[in-house]
Amino acid sequence: MQREERALDTALEAIMQRVVDIKGSLQELLGKIEQEGERSDWPSYLNAYSVISAQIYTLMKVLKNEKTPVLRNYLTLPLQLSADTDDKLLAATEGRVPSFSHDFVPNLLRTKPEPDVEARHLALEAKMAQVNQDTAQKQINIHNKVVKHVMEMVNTAREEWETETSSRQTHAQTCSLNETQILVAALGTGKGIRPTQQPPQQPQARPQPVAQQATPAQRKAVSSVKTNIKAASGMHPYGR
């Protein structure tokens, strides 16, 4: 008996911790919605929903654990009704329920939905009773057909994605990360590129003089120079 009680206490502590985590995430999300409203970006909401979904999944995993006792076999009821403040109950309910009084017990241990919810449920049932059976069946068939079509599309897309992912993993690697980094470094900073050697310069050939035809004035000047030279040679001071 003590072993079962210890197992129940351990399971309740784990469940309460998971519930507290979910409650904290919900409070953060509600505060975010109230403070930011439409100014908040959609990815932040998706992240919050993902966290809450993971926490709920963890809670369900704890409830389905083999070591967790079947909670439906246990009853929850107050051992004593009193109007006096119960500190333990006040701490467990975070200040919401000060005592198990005659006013709180019917609401806390309610086995039926609240009157507003029950009234709406009865109104929906009355509305459903007024619909023709054939019409309702046709609407149900159309709804099931649409849902089935959507599920087929989702399954097909998931299979294609899984096939594409597996094919990517099986393909042989056609590139080298090391070589890619070397090429990027060479193009970006010139790392690893050796400077090219300049070829020796060839001596430039000197331009050859181009023979030009002498003008009449130049010919006359040359002939006068020759005549002067001959005349000078005949007047040598030392004659033979």
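Being a predicted model, the structure only gives us computed values, none of them experimental.
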Less than 4.5 Å apart, any side-chain heavy atom of [X] and any of [Y]?
X: V147; Y: V150; answer: no
X: V146; Y: H149; answer: no
X: P69; Y: E4; answer: no
X: T85; Y: D87; answer: yes
X: D21; Y: T58; answer: no

Looking at [X], I'd like to know if its [atom1] atom is crowded, meaning that more than 12 non-hydrogen atoms belonging to other residues, nucleotides or ligands lie closer than 6.0 Å.
X: K138; atom1: NZ; result: no
X: E125; atom1: CD; result: yes
X: Y74; atom1: OH; result: yes
X: Q133; atom1: CD; result: no

Practice problem: Answer yes if the side chains of Q139 and H143 hold a donor-acceptor pair under 3.5 Å, and no otherwise. | Solution: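 Result is no, nothing qualifies.
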Quiz item: Would you say the side-chain atoms of Q137 and N141 include a donor-acceptor pair closer than 3.5 Å?
Solution: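 Side-chain D/A pair, Q137 to N141: present.
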Linking I/L/V/M/F/W/Y whenever any side-chain heavy atoms sit under 4.5 Å apart, do [X] and [Y] land together?
X: V51; Y: L26; result: no
X: Y45; Y: I56; result: yes
X: M60; Y: M16; result: no
X: I52; Y: W42; result: yes
X: L59; Y: Y49; result: yes

Please report the interatomic distance [atom1]([X]) to [atom2]([Y]), rounded to the nearest 0.5 Å.
X: Q17; Y: L12; atom1: CD; atom2: CG; answer: 13.0 Å
X: D9; Y: R6; atom1: CG; atom2: CZ; answer: 9.5 Å
X: K32; Y: Q27; atom1: NZ; atom2: CD; answer: 16.0 Å
X: M151; Y: T156; atom1: CE; atom2: OG1; answer: 10.5 Å
X: L30; Y: E28; atom1: CG; atom2: CD; answer: 10.5 Å

Quiz prompt | Test side-chain contact (heavy atoms from CB on, under 4.5 Å) applied to D86 and F100, step by step | solution = CA-CA 8 Å; D86 190 350; F100 269 125; 5.6 Å; no
Can you name the closest pair of heavy atoms from [X] and [Y] and give their distance?
X: A48; Y: L29; answer: CB-CD1, 3.8 Å
X: S99; Y: A83; answer: OG-O, 3.6 Å
X: A185; Y: T189; answer: O-OG1, 2.7 Å
X: V62; Y: T68; answer: O-OG1, 2.6 Å
X: I22; Y: Q55; answer: CA-OE1, 3.3 Å
X: L89; Y: T93; answer: O-OG1, 2.7 Å

Quiz prompt | Candidate pair K23 and V20, rule side-chain contact (heavy atoms from CB on, under 4.5 Å), full reasoning | solution = CA-CA 5 Å; K23 179 183 175 183; V20 170; 5.5 Å; no
